[in-house]
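A quick note: this is a predicted structure, and the numbers were derived from the prediction, not measured. In what follows, every chain begins at residue 1, and chains take the letters A, B, ... in the order their sequences are listed.
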Amino acid sequence: MNDLKTFLVDGGMAGRGGGRSLAVRGLVDMYQHGADQGYQALAGNNIPVGSKVLVWDACHDEETGFQLWEKHTATHQPGWRKNPGQVVVKFGRFGTEMGKIAYGAIAALALESAQRRPTRLIIDLPFVSASETLEQMLMSGLLQDLNAIPIWLMGTGVADTATLADRVMVLPEIYRDRGVVLRNSHCGPWEAFNIWQSSGARRVLVDRGGWLDLFMLHLSEWPDKKMHEECLNMPLDLANGKALKDGSWIGMWRLSIQLWRGAFMSRMNVIEKL
Amino acid sequence: MKTIIFSHGDKGGVGKSVVAALLVDMALQRFGRASLIEGDAKTPDVFARYQDDPQVVKKMISLNLAGDAATAVGGLAEWLENENPDDHLVTIVNLPANAGETLDGLVDLIIPVCTDLGYDVAACYSLGKGAEASLSLQQSLDSGLLSKIHESRRLIIIPEFAGTRDSFNYTNKAVAEKFLYEKTVLPKLAPVPTADVIFRSPGAFSTMAKRKPEGFGVFQAHTLKRWLKDCFVALDPVFPEPPALHDDMVDGERRPYE
């Protein structure tokens, strides 16, 4: 068996609102629970059972990044995690010594794990404007070995489309033939992405190539604010459980998260076909 | 024509041995074989790296015999004349730290001997930081080993692991501008754990991906491949071109040494 896919979560504007970290949390959740009973149909029966999920959080350090899954398994009520150890997170900011170490470690882990079980590596990149820098740090040859598929968080500006086109030029082995554009609804409705919609890049990548053009809902303002305050970068199922545990949070917030998870899985499961 | 390349640099820890090891690797890649003179008897790490490589003919000759430089140079000349195989087109000499003290006085002997033996002479000079290192370079260019080597065959190396180009003192010294030489930056190998695995594993760098020493995985393979490519470009100015159709290269692979 050698079942490895690496999702390179790229694009988005710098700072909060770009959508990369939310997309990463959605992807992790989908691969962790998309094969569970009750989610299978939502996820189009596309998610492999028993997937190992690896994350390189290249935007944060251990303090500010994803809270460790295993830690939460240990400290919260048993049963939240059916498969402890299913998710592994490495921290290390992109472009730093620690980042390079994290990338090397997670790549080795992914290649080794893929020999035994379906493995999905998700790379949460910061906003990198220079495609040459991205190539230099991630090394296109290694990305090919990792079977990398780009996921581009699309905004409504000219730079969003232009930077994607630049990626295709600089890293054609990774960006030319397949990938996903995720229109981030934080920037507006589907129709607001008219620059991307009418671009030559879209014609080449989506109309004539193997790219998917999808839409990512963002959490509505109130749950987004609460999430940011209460459980920043917490995995979505844990956030949901936290809401359950704390009676004051139950209700709309939990419903919002649950709806978002379902909507994300329903739309995004097709990436497994890439 | 045969080429002899001295890996020089007065300060310790400036990357002379890494440069020498890379030059040997380049010779193996381009010509299928190489000769190595390890002049650093105290820390013979380049000799140790290629100890088990039959395609590298090597000799340990202590070249920092302070007070007895003539013996050191005599040993070097004798080996070049009598033992270095004629079909080894590239010979690398790894000079020890402070070799200038030993060799600079005899530079009028070393270069003519090498030339008479049919060698094109080149040198790499790995820079250290600080005013002292800058003075050592100036001294070598003025009256030392580098002074007797043609300007197009002497390569000043800024080791990136020690800092950026601007942080090296020599770049601020106008006096250095009066000399002509080739300049290059030797890229840094990072991250540190990857560099540790690669530097502590013996043998040619370029064959590590096939040999897979302990701790050497796919990330290390890609990192090394990229670093080597950049290093070979950096060191290219002093390196001879291989013949257009070299008999020893078959589909880009080295033919076993006979």
Original post:
Take atom NZ in B:K129; do more than 12 heavy atoms of anything else shown fall under 6.0 Å from it?
Top reply: yes
Taking every heavy atom of A:M139 against every heavy atom of B:F219, the minimum-distance pair comes out as CE-CE1, 3.7 Å
Filtered by a 4.5 Å non-hydrogen cutoff, the part of residues 222-232 of chain B contacting chain A is B:H222, B:T223, B:R226
- Is the NZ atom of A:K100 crowded by more than 12 outside heavy atoms at less than 6.0 Å? yes
Okay, A:L111 and chain B: the region with an atom under 4.5 Å from a heavy atom over there is side chain
Discussion item. Does A:Q136 have more than 12 heavy atoms from other residues, nucleotides or ligands lying within 6.0 Å of its CD?
Written reply: no
_Tell me whether the count of non-hydrogen atoms from other residues, nucleotides or ligands lying under 6.0 Å of CE in A:M98 goes above 12._
no
A:E97 and B:A190 have their tightest heavy-atom pair at OE1-CB, 4.0 Å
(Q) Are there over 12 heavy-atom neighbours, none belonging to B:E132, within less than 6.0 Å of that residue's CD? (A) no
